[in-house]
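All values derive from a computational prediction rather than experimental measurement. Lettering follows sequence order; numbering is per chain, from 1.
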Amino acid sequence: MATTLPRNADVADQFELLADLLELEGTDMFQVLAYRRAASLIRETPRPIAELALAGRAKELPGIGATIEGKIVQIAEVGEMEALTKRKQRVPPEVVSFMRLPGLGPKTVRRIWQELGVTTVDELRRAAELEQLRTLRGLGAKTEENVLRALAAKPAGPPRTLLGAALPALLAVVAVLRDHPAAELVCEAGSARRRRETVRDLDIIATASDPKALTAYLTQLEWVAEVSAHGPTKATVVSQNGLRFDLRVVPPHSYGNLLQHFTGSKHHNVALREDAVRRGLSVSEYGVQDVETREVFQTRSEEELYAYLGYQFIPPELRENRGELEAARRGGLPARLVEHGDLRGDLHTHTNWSDGRNTVEEMAVAARERGYEYLAICDHAQRLRGGGLERQAAEIEALRERVEPLRLLRGVEVNVRADGSLDVSDDELAGCDWVVASVHSGFDRDPTGRIVAAMQNPHVDCIGHPTGRKINRREPADVDVTRLIESALATGTALEINSQPDRLDLIDAHARAAAEAGVRVVVNSDGHGIETLQYVELGIAQARRGWLTADQVLNTRPWPEIAP
DNA sequence: GCCGTTTTCGGCCCGACTGTTTTCAGTCG
């Protein structure tokens, strides 16, 4: 048996590859779909799936049965499931990649492979150039053209844009459109409305007294660099900085149906429609049809739509098919998720004592202007060597009265070293109001053990950005979040949702698991300047995606209730 | 392969678009 268990992402990768290979072999597509669903479920499950499977408990997850659990056990025990090992020998490895070319699906790829004997990308290019693809029934010159264009394009698409970069722009566009005289209802949709951490296109749904005027208005805004599509009810534009906005003007009587459809997620909508079918209802973006009476229900309001289908209203952040439909059906959703306005303070910020851009006073004044009751200054301990921490403490002390009623807290961000020790002595930590401990290097050197060790220190109040991931740049460290949660619970240590746009760490699923276990979760900006204190809006969005209520977020409480 | 407020067998979301076809399969979101 392997000594270390495979990560959920590795297990999920194997199921996805298996699904691809089965699809190419022409296996029943519902079986393929079952593997795909299992893969995405495994990917976002906070608990180690291999451990669950070995204990015979993976079956408790909806979508995993005895067969898939058995395959997970094989992965845990020998590294790869048998079904995959067998099929990898039958299908040439590059053939799978053909399916990622736009326009080529499993059926077409299979015929190109088996009927033309094409097994590599180079051979595929040659077959298209030599006009051999068109010898297959159903393929023509256009297909060859598309294949060649796709092969000539850059291999991977652009990385997804950070929500933190896209959302302010999107909300600004929504506001501008709302101001137009022809506009009635305007709302962002898609993954940005669900506040996913990264987005591709930015969707906007609107109703208007004069749809043509509204779409035309969008295409003429000064920041528009390119108009990709422009019709009477739809327009797509690209901004100077490369963001793609998609505006759809829809009829007011079905605005609710369309907004719901275009908000997604796909998985949420599929599950919602499957559930509806079982009750004799057919759901589409145009309405809900009663299959027997043929009557169609259309509504201006999403709230009414969910109510009609028998659900509590489901906030967009929860629409990922992670149990929200079942919960909403039995009235089990949180009555109210945490909101930005619930925050009473920020417990992780930096100043120009380390790598921040503003002074302690500037940060304090900005925090007070935001309406905070408290602010912890947590500069990097490394930069405060040689008595810096003490001198900064004196400055904070001297400022306290001047920034009232804000409560200015002496904090510090200490580094968890490779051996699990901290870079500040216990004596110095004892003088601080709030201590954040974070891993900043050596991510592959037992991160779990080091963080757990740091939590044992009674002065450590919070673990900063627990997995260290940076979206699009650095994978999360191989942190066993379940162990972190257990240890945080035992030691009373808080876990951070770091709101930096490229961190958002903990992720939603981990924050949810932590809060459900009773761990104190803190939403911090990690702001390095006054203008970045507002990043907490992203952290709050992440917390909402993790189903967190205000009760479960530590810094919605007054400082005396938090003070260690 | 999974699952059950019509089912332990027989189902499994919906509609638009594309390219290729004379009625539709495959792909996409």
Touch class at under 4.0 angstrom, heavy-atom based, for A:Lys266 against every strand present: base
Under 3.5 Å donor-acceptor, A:Arg111 side chain and A:Arg137 backbone: yes
From A:Glu320, A:Glu317, A:Glu188, residue fulfilling salt bridge (charged side-chain N to carboxylate O under 4.0 Å, His left out) relative to A:Arg194: A:Glu320
Side chain to side chain contact (heavy atoms under 4.5 Å, CB included) assessment of A:Leu18 paired with A:Met81: CA-CA 9 Å; A:Leu18 179 65; A:Met81 61 174 120; 3.8 Å; yes
Range on DNA chain B touched by chain A, heavy atoms, distance below 4.0 Å: B:dG1 to B:dG29
Pairwise P distance, B:dG1 and B:dT7 [rounded to whole Å]: 24 Å
Whether A:Phe297 and A:Tyr308 hold their rings parallel, tilted or perpendicular, with breakpoints at 30° and 60°: parallel
Interatomic distance at C1', B:dG4 relative to B:dT23, whole Å: 37 Å
Sugar-phosphate only, base, or nothing, as touched by A:Val32 at under 4.0 Å among non-hydrogen atoms: nothing
Touch class at under 4.0 angstrom, heavy-atom based, for A:Asn146 against every strand present: sugar-phosphate
Touch class at under 4.0 angstrom, heavy-atom based, for A:Leu104 against every strand present: sugar-phosphate
5' precedence on DNA chain B between A:Thr108 and A:Pro62 (nearest-nucleotide basis): A:Pro62
Sub-4.5 Å side-chain heavy-atom contact between A:Val283 and A:His261: no
Spacing of the C1' atoms in B:dA25 and B:dT20 (rounded, Å): 9 Å
Base paired to B:dT8 (Watson-Crick or G-U; both N/O distances under 3.5 angstrom): none
A:Glu51 and A:Arg483 ion-paired at < 4.0 Å: no
Sugar-phosphate only, base, or nothing, as touched by A:Val270 at under 4.0 Å among non-hydrogen atoms: base
Touch class at under 4.0 angstrom, heavy-atom based, for A:Leu272 against every strand present: nothing
With A:Arg336 via salt bridge (charged side-chain N to carboxylate O under 4.0 Å, His left out) - residues at least two apart: A:Glu339, A:Asp342
Same-atom distance (C1') from B:dC17 to B:dG11, integer angstrom: 27 Å
Same-atom distance (C1') from B:dC14 to B:dT5, integer angstrom: 24 Å
Nearest-angstrom distance, C1' atom, B:dT27 to B:dT21: 16 Å
Integer angstrom distance from the P of B:dC12 to that of B:dT22: 28 Å
Nearest-nucleotide comparison on DNA chain B, the residue closer to the 5′ end among A:Glu285 and A:Leu101: A:Glu285
Sugar-phosphate, base or nothing in reach of A:Ala141, heavy atoms under 4.0 Å: sugar-phosphate
Separation between the P atoms of B:dC9 and B:dG15, rounded to whole Å: 31 Å
